[in-house]
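Following: one structure in structure tokens, then a few remarks.
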Amino acid sequence: MTDEKAALGQARRDFARSMLKESGSGDPRIERAFELVPREAFLPPGPWLMASHGNYVETPSADPIHLYKNRLIALKADKQINTGEPALHAAWLGAVAPKAGEKVSHIGAGLGYYTAMLSVLTLPNGRVTAFEIEEDLAEQARRNLKPFDGVNVVRADATRVAVPPSDLIYVNAGVVAPPLAWLTALQPGGRMIFPWRPREDIGLAVRMDAEAAGFAVKALMPSWFIPCVGASREIRTIRAPRSPREALAVRSLWPISVRVPDESAIAIYPDLWFSSDALDA
């Protein structure tokens, strides 16, 4: 083994170990996924543009060792489309705990890096359907993901096409309100994680669980993504959270057809609303 390969292998192992810590999970499969899935295989050719303080800085060379840091890497710098921050995704994966055999819908797949991890984490017999609205990214993701079992890449707006029945819906674009169709696609006991953007100054990752009594919601951490086409600026807001603190108090989500908004409402949209009441309240 050359010194360069040895150094890259060590960098990847150190990176994976740090991502397990960031995940807040004791699941060793998360560390293994970050070690097994090569980040450079899901990026344009190097040198790469790394996000830094609102700008992009080019890596010193095309050596992939530069990629094994907790940094955003540009996929399309002109549109500010990046491959997500590894530590944030490690925390998300720890929060939703993908399991063997689960069916996952990944919305906003980019070039497929985190799709690949979802595939690894649902082995054996898992299925991952990845949606990407950008045609060139979807085509490249399709090529990138050929070595991974049970993955199907769909070039589409996931707010306008059918999302398959899912145990986990993993959304990588900022959502003002999730489409009702996504709620319908979520199987009993299923989870959805998405970046909630009810206002320009609020960005929260929230986990939603499909329980017998309805949809339980928990705010997890700050999270900022580019807007999700079809589920962001297009959504009419009837009531928005008055502050980030109020948004953090979210506990449940309700289709208006099931329960009309009441004094517990934190945010209200034409088809659904977020409440500060827990499901058993």
Side-chain angles (χ1 to χ4, degrees), residues 22-24 51-55 70-72 79-96 106-108 110 114 133 157-159 168-183 186 191-210 214-256 259-279 281:
E22 295 287 352
S23 77
S52 177
H53 305 292
N55 298 304
N70 186 40
R71 299 287 290 276
L72 294 169
K79 292 187 175 182
Q80 293 189 313
I81 299 175
N82 307 308
T83 187
E85 181 185 78
L88 181 140
H89 282 274
W92 279 33
L93 293 170
V96 297
H106 184 194
I107 296 169
Y114 296 108
I133 197 168
D157 175 350
T159 70
L168 171 61
I169 300 177
Y170 194 91
V171 184
N172 290 162
V175 170
V176 169
L180 284 177
W182 295 0
L183 276 60
L186 203 60
R191 296 91 66 213
M192 177 162 65
I193 188 166
F194 62 95
W196 188 31
R197 294 292 309 277
R199 287 184 4 187
E200 284 299 315
D201 62 338
I202 297 175
L204 290 173
V206 298
R207 170 175 165 157
M208 187 178 76
D209 289 74
F215 297 99
V217 178
K218 181 180 180 181
L220 300 176
M221 65 198 73
S223 185
W224 303 91
F225 282 76
I226 61 172
C228 179
V229 174
S232 56
R233 298 185 182 99
E234 302 85 351
I235 304 298
R236 181 168 67 91
T237 298
I238 299 167
R239 185 201 190 281
R242 289 184 289 264
S243 67
R245 182 176 181 178
E246 185 179 36
L248 283 166
V250 65
R251 293 294 180 270
S252 59
L253 180 151
W254 298 91
I256 286 176
R259 176 178 168 184
V260 298
D262 56 31
E263 68 279 357
S264 72
I266 288 175
I268 305 173
Y269 308 100
D271 295 327
L272 54 81
W273 60 290
F274 291 83
S275 170
S276 60
D277 282 350
L279 287 183

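- To the nearest 0.5 Å, atoms CD (Glu85) and CZ (Arg71) are separated by 10.0 Å.
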Item to check | Derivation of the side chain to side chain contact (heavy atoms under 4.5 Å, CB included) call for Ile107 and Ile169 | outcome: CA-CA 7 Å; Ile107 296 169; Ile169 300 177; 3.8 Å; yes
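- Surrounding CZ of Arg239 are more than 12 heavy atoms belonging to other residues, nucleotides or ligands, all under 6.0 Å away.
- The closest side-chain heavy-atom distance from Val229 to Thr159 is not below 4.5 Å.
- Ring centroid separation for the pair Phe274 and Trp196 comes in under the 6.0 Å cut-off.
- No side-chain heavy atom of Val171 sits less than 4.5 Å from a side-chain heavy atom of Ile193.
- A donor-acceptor pair is defined here as one N or O able to donate and one able to accept, closer than 3.5 Å; no such pair exists between the side chain of Trp92 and the backbone of Ser23.
- Summarising the local packing, CD of Glu234 is surrounded by more than 12 heavy atoms from other residues, nucleotides or ligands at distances under 6.0 Å.
- For Arg251, there are no side chain to side chain donor-acceptor pair (under 3.5 Å) partners at least two apart in sequence or on another chain.
- The side-chain heavy atoms of Ile238 and Tyr269, taken from C-beta on, include no pair separated by under 4.5 Å.
- Partners of Ser252 according to the side chain to side chain donor-acceptor pair (under 3.5 Å) rule, which considers only residues two or more places apart in sequence or in another chain, are Trp254.
- Outside the 6.0 Å centre-distance limit, the rings of Phe215 and Trp182 are not counted as a close aromatic pair.
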